[in-house]
Number of protein chains: 2
Amino acid sequence: MSKAKVTITDVAKASGVSNSAVSYALNGKPGVSQETREKVLKVADQLGWRPNKAAKSLSDARTNSVGLVLTYDPAVLSVEAFGMELITGLTARLEEAGYSLLIRSSRNMRAELDILDDWIASGAVDGVFLQNVELGDPRIELMSHHLEMPTVVMGDESLAGGLISLSTNERDGVRVIAEYCADQGHRRIARVAGPENLGHTFIRDNAFMEVAARLGLQYTCLHADYTPEGGRKCTERLLSLPNAPTAIIYDNDVMALTGAQVAAVRGLNVPQDLSVISWDDSFLCEVNALGITALGHNIIERGRTAAGLLLDLIDGKPVESVWEPQEKLVVRASSGPLA
Amino acid sequence: MSKAKVTITDVAKASGVSNSAVSYALNGKPGVSQETREKVLKVADQLGWRPNKAAKSLSDARTNSVGLVLTYDPAVLSVEAFGMELITGLTARLEEAGYSLLIRSSRNMRAELDILDDWIASGAVDGVFLQNVELGDPRIELMSHHLEMPTVVMGDESLAGGLISLSTNERDGVRVIAEYCADQGHRRIARVAGPENLGHTFIRDNAFMEVAARLGLQYTCLHADYTPEGGRKCTERLLSLPNAPTAIIYDNDVMALTGAQVAAVRGLNVPQDLSVISWDDSFLCEVNALGITALGHNIIERGRTAAGLLLDLIDGKPVESVWEPQEKLVVRASSGPLA
DNA sequence: TTGTAAGCGTTATCAG
DNA sequence: CTGATAACGCTTACAA
């Protein structure tokens, strides 16, 4: 049924040469005659030899895998397409380089730090991705003290503490949305933002305040947690204000959708009475009785890019942080001129 | 900045004992005095020692990681919550046992088989999950020839070729839906199914035909690919039939949503003129102008269960295939009695 | 109770 | 060009 594992020694015996000759032959390195090489290759193939991963890793101090810690938050994780798209992009690029993605799950920041510590000390991975960076994120500090572990921060350069990062131009996104609102005649806009501790929330907060001031818009912001419930509550609150906003921007698709629903329930007509705009575009925004205007993002591509950066870092190539090109606003039925 | 890796030998030297004494102490094994043990533990902690993963794996032929191959199909993967929920469930359970999830990406069955081959021969993982099983799936055959590699099939036992599997009772689900339709007075029902090569599609196909016959329902079935476009086209076709169905069941949430949309565009009132039912429940069904009736599934829990099975298998415990309890139909606004 | 040494499967060094 | 041999860091007989 199952052939016993075939080692390099088996191949050596079977082809009547030494252990090292086999190693040279199989790795395409010089030090072995063409004739021997071919014979070894043939035998290895016949025997179905594959390098043992543990042995190889031990020998050359490389695992050919990189790590990603997922935060176990079923309420949010499962609801957003983001995570899966990211993993898809990461693994697609990693696969090209023969790398695997090693995933572990944490319940909180403390647990995630433990995992990173473990990876650093145990050599379980050749590099790590950092996601959902917070203000003063302890992971940044940790990895800064361990530059021997290649790290790519998937978040704004200003939060990366000098580590290599892949940033999206949040400020541009904010500007595009705010100017669009202003163009459509809105004077009072609001935002249902993500968690306040997240770095990109902070950056958007600042950018929105700045651009609102510049454009003379009245701007209100509430922070929620990306969940349907959070979006619902914040929208209720905003729409109950004496001077309710005429356009609301949501930091993710899920909240935008629930927001639009709340508006409908309150008898508001979207977009005549209220424009709804989502920061993240997705299937949710697209396929919906009412299409939701949203800022486009190509998460899969972002994943590919991040993986490429990490691979280069691991290979010791010179790497610089990347700023992603500005995304475009996809205008759909949920937004328009003020009636 | 970065401390050089600390090995067991470092700890041995620092605590003035031998290499093996350290190993015994750190692994809580007998063969070392209480005094020595404590000293070693303290020193190891101070030095920040962690077992090197490659060395440990090489020594005891275990990697403490299990593999999952993702099929790279951006069109589908990113659209469904399924994948992320599954990974969340898997990693949550694996974490409890100190295991990691190793992910690789394939573009097709051939590539996936190569990856499995590689894992089997290289010992890169201690076990694997098989997902989206097809009829006569070559992966089943492959893993059956390599029982030394623990495998859990996340799919119907009838497709698992004797491997340990985690099945959901598809037939029960089919029955629940069909009986619901019949109860509501529908006589002509249709189904927009998933890809025909998938095992669970096949099983549902059969079950639907059986139960429709039993209940005296007229039943039509079209096969699509889980994408919005597929759902749209099939719905168009069904609604154009001379004797159009009055209830359509979709094999996933995405197609159900687009189906409901198509109906609306054609001037049909859901549910008065047409009932729409989704096989998979999800946020998509829940938060929608029109709630979509759907069969509930707890994918996270399913992931946990699958991971538990695989861990037991790896530990050599006696394991039996599991049938998941029957899911309940969550009735929402998209379905109801025939007008 | 302790230390020595062999072995896990590679890669890489160094004589022949 | 080839074949011993050490090294990677850990576990585990086996000897002291």
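Computed over heavy atoms, backbone and side chain alike; hydrogens, waters and symmetry mates excluded. Sequence lines set the chain letters: A, B, ... in the order given, protein chains first and strands last, and positions in each chain run from 1.
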Between atom CD1 in I8(B) and atom P in dA5(C), what is the gap in whole Å?
-> 17 Å

At under 4.0 Å between heavy atoms, what does T9(A) touch on the DNA or RNA strands: base, sugar-phosphate, or nothing?
-> nothing

Rounded to the nearest 0.5 Å, how far apart are CD1 of I87(A) and CG of L68(A)?
-> 6.0 Å

Would you kindly give the NZ-to-P distance between K39(A) and dC1(D), to the nearest whole Å?
-> 14 Å

Please determine if R104(A) and D118(A) form a salt bridge, counting it only when a charged side-chain N lies under 4.0 Å from a carboxylate O.
-> yes

Could you tell me the separation between the NZ atom of K53(B) and the C1' atom of dC10(D), rounded to a whole number of Å?
-> 14 Å

Separation of dC10(D) atom P from L58(B) atom CG, nearest Å, is 12 Å

In whole angstrom, what separates L47(A)'s CG from dG9(C)'s P?
-> 14 Å

Contact under 4.0 Å: S18(A) side-chain N or O vs dG3(D) OP1/OP2 = yes

With the side chain of S33(A) defined as its heavy atoms from C-beta on, choose the nearest nucleotide among dC1(D), dG9(C), dC10(D).
-> dC1(D)

If only side-chain N and O atoms of S20(B) are considered, is one of them under 4.0 Å from the OP1 or OP2 phosphate oxygen of dT11(D)?
-> no

Would you tell me if any nitrogen or oxygen in the side chain of N27(A) comes within less than 4.0 Å of OP1 or OP2 on dT11(C)?
-> yes

Have a look at S57(A) and say if it touches a base, only the backbone sugar-phosphate, or nothing, with a 4.0 Å heavy-atom cut-off.
-> nothing

Within less than 4.0 Å of OP1 or OP2 of dT11(D), is there a side-chain N or O belonging to K29(B)?
-> no

D156(A) and S158(A): side-chain donor and acceptor closer than 3.5 Å?
-> yes

Between R304(B) and E95(B), does a salt bridge (charged side-chain N to carboxylate O under 4.0 Å, His left out) hold up when you go through it step by step?
-> CA-CA 10 Å; R304(B) 295 190 73 102; E95(B) 191 68 27; over 6 Å; no

NZ/NE/NH1/NH2 to OD/OE distance under 4.0 Å, D137(B) and R139(B) = yes

Between CG of N19(B) and C1' of dT4(C) the distance, given in whole Å, is 10 Å

Starting at the 5' end of DNA chain D and moving along, which residue's nearest nucleotide shows up first, D60(A) or A21(A)?
-> A21(A)

Counting only distance, no hydrogens or angles, is the base of dT13(C) paired donor-acceptor with the side chain of Y24(A) under 3.5 Å?
-> yes

For S23(A) and V17(B), take the nucleotide of DNA chain C holding the closest heavy atom to each; which residue's nucleotide lies nearer the 5' end?
-> V17(B)

Look at the side chain of K56(B) and decide which nucleotide, out of dT11(D), dG3(C), dT11(C), has an atom nearest to it.
-> dT11(D)

Please state how far atom CZ in R62(B) lies from atom P in dC10(D), giving the value in whole angstrom units.
-> 18 Å

To the nearest Å, how far apart are R37(A) CZ and dC1(D) P?
-> 9 Å

Would you say dT12(D) has OP1 or OP2 under 4.0 Å from some side-chain N or O of S59(B)?
-> no

